[in-house]
Amino acid sequence: MGLADEHDDLALPLRAGDVLSAAGIGVWRWNREAGALELDPACARLLGLDDTVALLPERRLRSLLHAEDFIRLRSTAALAVSERRPFELRVRVLTEQERLLRVLHLQVAVGPPRSGYQLQGTALDGGTAGAGAEGGGTEGGGGPLATERRQIDALNQGVHPPDPGRPAPPDPGRPYPADPAPRHLRRSREAFLLDAGRALAEAGTTSEVLRVVASLSMPGFSPDGLAVFGSEGGMLTVVGQHGHQKGAEQSFTMPLETDYPAAEVVRTGRAVYLSSPEEYQHRFPATWPLATGFGRRSWAFLPLVTAGRTTGAWLASFRTPVRFSPDERAVLSTVARMLAHALERAHTNESERALSRGLRRSMGTGAPAAPGISVATRYVPTGGGLMVGGDWYDIIDLPEGRMALVIGDVQGHDVHAAGLMAQLRTAVHAYAAEGHRPDAVLARTSRFLAALDEDRFATCVYIEADPARGTLQIARAGHPHPVIRTPDGTCLIRHVEGGLPLGLMPDEEDYPVTTMELQSGEVMLLCTDGLIETGGHDMYSGWVRVRDTMSPGPADDLEGMADALIRAVHGPASHEGPGHLADRREDDIALLLLRRDSVDQLPEPPGRRLVLTVAQDQPERISGARQELRAIMHDWAAPEQVDAAVLLASELLANVLVHTETEAALVASMSGPAGFRQLRIEVADRSDELAHRRSPGEMASSGRGLILLDLLSDRWGMQPRGEGKAIWFDLDEAPGD
């Protein structure tokens, strides 16, 4: 009695229990919520249990069956669910002493819709080991133990054990019995599935997935024709193929309503197996002519299911007839599931890369419209698969010949970080176009990011540049400080006041603006932390790597300097020194080089130059001025002169803050060959009151500034300006010990 013919009766199996029990047939169904089998008394007896057992947990069922048969039962059940059709198989029931009790002939079918029972079926005694099987047997040829061994041997070889009481095998119209394949073939197929899963997991693009599928060689029944179908806009298309006419994927499109096996698979989500040309022609007469020219004898069309949705179909065709036994179907079904997941991953990766390419193309090109400024830019993505992450740079044209340069880094290296980066770039563009100062641009962008995502933050440097004058107004939000390369190759970290990263405290944080002048021939480097820390470096050793790369050679080739910086991180030389064992593509790198060019035959620039301002409410910046002055004098021959310059500059800046109500502007210029250089430091303010030399008493707290100038400098002076005044002094370098 076929299970498929009694589908309605099995929906309520206990009502027919008496009739089926009288025929020696047990009935069961799978209770998914309880994770157990519901048994009728006849089925319980066949499993060697008391007929009062009505619920059998899965772990208990595993202990009753032979281990190989339990695994085969689970795979057959999965196949029945995926294909929505019944199957038959034989399993061995063991005693507590792990002796063979009997062989059961099981029928497995899918439960009725909305019943809560995923599977149901029947059990029939397919042969016993005799009464003595449960007791002690002998090893003689006619004893129960010998009978048991012959039965196990026969089962392992796929041959029915001799038993007159065993039911006849099902006819061709009945469901296929799940005869086990020979042990060596099963092991070969298990190894094949492991290799196929590994290869598909490593494939990152659709073309790589298709190449892997085309190279699959299934033990015992290898297909020689493969095709992957996709569904788009109600049409069936070919994503890729192997073993058919070249270029067929470009010309094949078909409505999903067509009577074609792949279209039926996509519509219904159920596999279609065609064991012979006659069966193909009988079931799909309208589209049979499409298959006649390829010389195939059997076809398997399987659904590609992702997240419960059928996204396409996979065709495996064979030149030799294939019966498509349950073992073969199980292998094909497993490969189809792995193929669906691999294609989904590849599609996701390709979509992310398309997004990345679009975002990269939208970045600035590094070619500003204003003369007097040269810019070189680079972006190197992380090694995680995306072509862009959270790092970005931008160049924005502003009115009156000005320009804005932006570099930033959004936390993270995923698609979400890339999306936030694109939105932040748009916001910065909008705020810059509205004419806001650098501090206002960053403050508004911080509030914008906090409204977008409270869990992410970003660092940023925003510079408003006047190419004609070489002045830069810089606002910094938690980003690494810029680096200045002077015309003689000296590289200095330029300390810039800043605030917290964007998005952390949008309503309470402000971003001070630092004004500086970029001299002709000087190069400013702006970068994200990937350039510094990639390769296992920290901020110190990474800075040394940047300095040693930027310092040599002239700055005329800005593009070559940018390439050298990237090679220092990712090239062969990057594996020398600290961090050589670390991953070289662990973070994105955004790089922006800005050089002030000579315009209209400007005089030759000084060797080094420092320009900074100290406002009345920023006395702490005097400490930063001392540090930067020491930095540009790092190779001065006489260390005591360095101390003198720092002391005098501090005194002049402090005098402006104490005796006037204006800000102080410091300009330090160094010129001449090494060993014979001259340093001029000038401090200007907008007060018209000139400084006077006094003779302070022993306890006086002021009045010594001009005395120190006279004692420690080589020359000094005071110069009235159109608005305010300037006090300057010179130091001449002399070779010394």
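Not measured: the values here are computed from a predicted model.
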> Specify whether Trp299 and Trp288 have parallel, tilted or perpendicular ring planes, treating 30° as the upper limit for parallel and 60° as the lower limit for perpendicular.
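Plane angle over 60°, so perpendicular.
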
> Pair Leu315, Phe229 - check side chain to side chain contact (heavy atoms under 4.5 Å, CB included), show working.
CA-CA 8 Å; Leu315 162 64; Phe229 298 90; 3.8 Å; yes

> If you round to the nearest 0.5 Å, how far is CG of Asp50 from OG1 of Thr52?
3.5 Å

> Considering non-hydrogen atoms only, spot the tightest contact between Ser275 and Phe324 and give its length.
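Closest heavy-atom pair between Ser275 and Phe324: OG-CD1, 3.6 Å.
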
> When you look at Val410 and Phe457, which way does the side chain to side chain contact (heavy atoms under 4.5 Å, CB included) test go after all the steps?
CA-CA 6 Å; Val410 177; Phe457 64 86; over 6 Å; no

> For Arg90, does its backbone N or O pair with a side-chain atom of Arg72 as donor and acceptor, under 3.5 Å?
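Pair found, side chain donor or acceptor close to backbone of Arg90.
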
> Can you confirm whether Pro321 sits close enough to Ser298 that some side-chain heavy atom of one is under 4.5 Å from a side-chain heavy atom of the other?
yes

> Minimum heavy-atom separation for Leu55 to Pro57, with atom names?
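Closest approach of Leu55 to Pro57, heavy atoms only: O-CD, 3.6 Å.
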
> Take Glu88 and Leu106 through the side chain to side chain contact (heavy atoms under 4.5 Å, CB included) test and state the conclusion after the steps.
CA-CA 6 Å; Glu88 295 183 1; Leu106 298 182; over 6 Å; no

> First locate atom CG of Leu89, then atom NE2 of His105, and finally report the distance between them rounded to the nearest 0.5 Å.
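Here the interatomic distance stands at 8.0 Å.
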
> Can you name the closest pair of heavy atoms from Phe87 and Pro326 and give their distance?
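Taking every non-hydrogen atom into account, CD2-CG, 3.9 Å.
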
> Give, for atom CG of Leu236 and atom OG of Ser231, the distance between the pair rounded to the nearest 0.5 Å.
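Between Leu236 CG and Ser231 OG, I get 7.0 Å after rounding to 0.5 Å.
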
> Side-chain donor-acceptor pair under 3.5 Å between Tyr273 and Glu279, yes or no?
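Tyr273 vs Glu279: no donor-acceptor pair found between side chains.
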
> Within a reach of under 6.0 Å around CD of Glu454, are more than 12 heavy atoms found that belong to other residues, nucleotides or ligands?
no

> Is atom CZ of Arg62 surrounded by more than 12 heavy atoms (other residues, nucleotides or ligands) closer than 6.0 Å?
yes

> Please check if atom CD in Glu232 has more than 12 non-hydrogen atoms from other residues, nucleotides or ligands closer than 6.0 Å.
no

> If you look at every heavy atom in Val110 and Gln120, which pair is closest and at what distance?
O-NE2, 4.1 Å

> Donor-acceptor pair, Glu328 side chain versus Ser325 backbone, under 3.5 Å?
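Side chain of Glu328 to backbone of Ser325, a donor-acceptor pair under 3.5 Å: yes, one is there.
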
> Quick check: do Leu64 and Leu56 have side-chain heavy atoms less than 4.5 Å from each other?
yes

> Are side-chain heavy atoms of Leu47 and Leu39 found at a separation under 4.5 Å?
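Yes - at least one pair of side-chain heavy atoms lies under 4.5 Å apart.
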
> Rounded to the nearest 0.5 Å, what's the gap from NE2 on His66 to CG on Leu73? Could you check?
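Those atoms lie 14.0 Å apart.
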
> Hey, are the side chains of Asp40 and Trp28 touching, using non-hydrogen atoms and a 4.5 Å cut-off?
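Sidechains of Trp28 and Asp40: no contact.
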
> Report the distance from atom CG of Leu119 to atom CG of Asn31, rounding to the nearest 0.5 Å.
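So the CG of Leu119 and the CG of Asn31 are separated by 11.5 Å.
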
> Restricting to non-hydrogen atoms, name the atom on Pro277 and the atom on Arg296 that form the minimum distance, rounded to 0.1 Å.
CG-O, 4.2 Å

> Taking side chain as C-beta onward, heavy atoms only, is Leu290 less than 4.5 Å from Met254?
yes

> Any side-chain heavy atom of Ser317 within less than 4.5 Å of one from Leu226?
no

> For Asp51 and Arg45, indicate whether the former's side chain and the latter's backbone hold a donor-acceptor pair under 3.5 Å.
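Judged by distance alone, no pair lies under 3.5 Å.
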
> Tell me the closest heavy-atom pair linking Pro255 and Thr258, and the distance in Å.
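Residues Pro255 and Thr258, closest heavy atoms: O-OG1, 2.8 Å.
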
> Distance from Leu61 atom CG to Arg74 atom CZ, nearest 0.5 Å?
10.0 Å

> Among Thr310, Val266, Val228, find the residue that satisfies the side chain to side chain contact (heavy atoms under 4.5 Å, CB included) test when tested with Leu304.
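With Leu304 as partner, Thr310, Val266, Val228 yield a single side chain to side chain contact (heavy atoms under 4.5 Å, CB included), made by Val228.
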
> Find out whether the Lys NZ or Arg CZ of Arg283 is both under 6.0 angstrom from the six-membered ring centre of Tyr280 and within 45° of the ring's axis.
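No cation-pi geometry.
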
> Are the side chains of Leu274 and Phe301 in touch, meaning some heavy atoms are under 4.5 Å apart?
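Yes, their side chains come closer than 4.5 Å.
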
> Please assess Arg297 against Thr320 for the test side chain to side chain contact (heavy atoms under 4.5 Å, CB included), listing each intermediate value before the final yes or no.
CA-CA 5 Å; Arg297 305 293 298 172; Thr320 56; 5.7 Å; no

> With side chain to side chain contact (heavy atoms under 4.5 Å, CB included) as the test, pick out the partner of Arg102 among Val91, Thr95, Leu94, Val93.
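Output: one option passes, namely Val93.
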
> Under 3.5 Å, sequence neighbours excluded: what are the donor-acceptor pairs made by side chains of residues 335-344?
{"residue": "Arg337", "atom": "NH1", "partner": "Ser333", "partner atom": "OG", "Å": "3.1"}
{"residue": "Arg337", "atom": "NH2", "partner": "Thr334", "partner atom": "OG1", "Å": "3.4"}
{"residue": "His341", "atom": "ND1", "partner": "Arg337", "partner atom": "O", "Å": "3.4"}

